[in-house]
Amino acid sequence: MDKFLIKKKRNPLGLEEEEKNGVEEKEAIWKEIRAEGLHCDYRILFSKSEADGILLELERDIEYLQGDLAKLYVFGKWHNVPRKQVAYGDAGLSYTYSGATFSPKPWIPVLQRVRECVQAVTGHSFNFVLINRYKDGRDRMGEHRDDERELEPRSPIASVSFGAGRDFVFRHCGSKGHSTPSHPTPVWLHLEHGSLLVMRFPTNQHWRHGLPARRGVTGPRVNLTFRDVRGSHVGP
DNA sequence: TGGGGCGCAGCGCG
DNA sequence: GCGCGCTGCGCCCC
């Protein structure tokens, strides 16, 4: 499935005019992001007006976790996460990290629509979406790897962004603490309003990713990361 | 013009 | 997947 995509290079300036609904495979404009063990693809998925509309719906309809459910256990301490989070997905699934377990809320129309677009352009199915809302440039996410034990083996993760553009970094796991010339340098991206980033196997095995603070960013960003979570225990 | 101060950002650590 | 502290750098102002 990793070879599903038809990749075409084009002038990004013509993108909004050429794409009617953002899901035409033949119109796809993918930017390939490659390094040692890093395999990602990036594109604009929604035009500005489409993305504006989706962001409004997300801001209106998404209900984020509050109180203890929004805390995280890291290095022996509980912290409030520096952003808002919630998960939606198929009934019976769950996803855990750093002491926080996400039981998904049922799908709502706006998330179903975005999921269908993502599935159409990637050729992969997703049963779960983790939503992070960064109210401004002070909200952030530290660098981490996603726990692939809870994901379908070798399945990609699709990250869709709405609102303020933010920098995003991949850093090779071996590059912390014991940097040597052989360790790959960090890979920086800018995730734009209406964009899709597909993180493919084996990226998550050797690279951490994070969203650093950016003081100059004043607007909110809502990010949807679609995953295929293992559901072997699902059922009545 | 340049030096110092300040704020932001990168990175290591627990 | 956090927060803190150290450090370096770039920008701004006098």
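These numbers come from a predicted model, not from an experiment. To find a chain, count down the sequence lines: A is the first, B the second, and so on, and within it residues start at 1.
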Would you give the length of the straight line joining atom NE2 of A:His124 to atom CZ of A:Phe226, rounded to the nearest 0.5 angstrom?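 Output value for this atom pair is 14.5 Å.
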Residues that A:Trp188 engages under ring-ring contact (aromatic ring centres under 6.0 Å, His included), provided they are two or more places apart: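 Partners of A:Trp188 by the ring-ring contact (aromatic ring centres under 6.0 Å, His included) criterion come out as none, since no residue qualifies.
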Check every atom of [options] against the side chain of [X] and return the nucleotide holding the closest atom.
X        : options              : result
A:Pro82  : B:dA9, C:dG3, C:dG1  : C:dG3
A:Arg171 : C:dG1, C:dC2, B:dC11 : B:dC11
A:Arg140 : C:dG1, C:dG3, B:dC8  : C:dG3

For A:Asp228, enumerate each residue passing the salt bridge (charged side-chain N to carboxylate O under 4.0 Å, His left out) test, keeping only those at least two apart in sequence or located in another chain. none
Base, sugar-phosphate or nothing for A:Asp146? Non-hydrogen atoms, less than 4.0 Å. nothing
Identify whether any heavy atom of A:Arg214 sits under 4.0 Å from a base atom; if not, whether one sits that close to sugar-phosphate; answer base, sugar-phosphate or nothing. sugar-phosphate
Salt bridge between A:Arg230 and A:Glu150, side-chain N to carboxylate O under 4.0 Å?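 Not counted as a salt bridge, because no side-chain N and carboxylate O are separated by less than 4.0 Å.
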Provide the full list of side chain to side chain donor-acceptor pair (under 3.5 Å) pairs with a residue in residues 210-221 of chain A, sequence neighbours left out, each pair given once. A:Ser161-A:Arg221, A:Asp167-A:Arg214, A:Arg221-A:Asn223
Mind checking which stems touch DNA chain C? I mean at least 3 consecutive Watson-Crick or G-U pairs, both distances under 3.5 Å.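 B:2-14 with C:2-14 - these are the stems of 3 or more pairs that involve DNA chain C.
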Tell me the interatomic distance from [X], atom [atom1], to [N], atom [atom2], rounded to whole angstroms.
X        : N      : atom1 : atom2 : value
A:Phe170 : B:dG10 : CZ    : C1'   : 18 Å
A:Tyr73  : B:dG14 : OH    : P     : 17 Å
A:Arg215 : C:dG10 : CZ    : P     : 19 Å
A:Asp139 : C:dG1  : CG    : C1'   : 14 Å
A:Met141 : C:dC2  : CE    : C1'   : 12 Å

It should be established whether A:Arg83 places a side-chain nitrogen or oxygen under 4.0 Å from OP1 or OP2 of nucleotide C:dC2.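 Yes, such a contact exists.
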Sorted by chain and number, sequence neighbours left out, side chain to side chain contact (heavy atoms under 4.5 Å, CB included) with A:Asp139 holds for A:Arg83, A:Tyr134, A:Lys135
Tell me the salt bridge (Lys or Arg N to Asp or Glu O under 4.0 Å) pairs involving residues 70-80 of chain A, sequence neighbours left out?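 As it turns out, there is no salt bridge (Lys or Arg N to Asp or Glu O under 4.0 Å) pair with a partner in residues 70-80 of chain A once direct neighbours are skipped.
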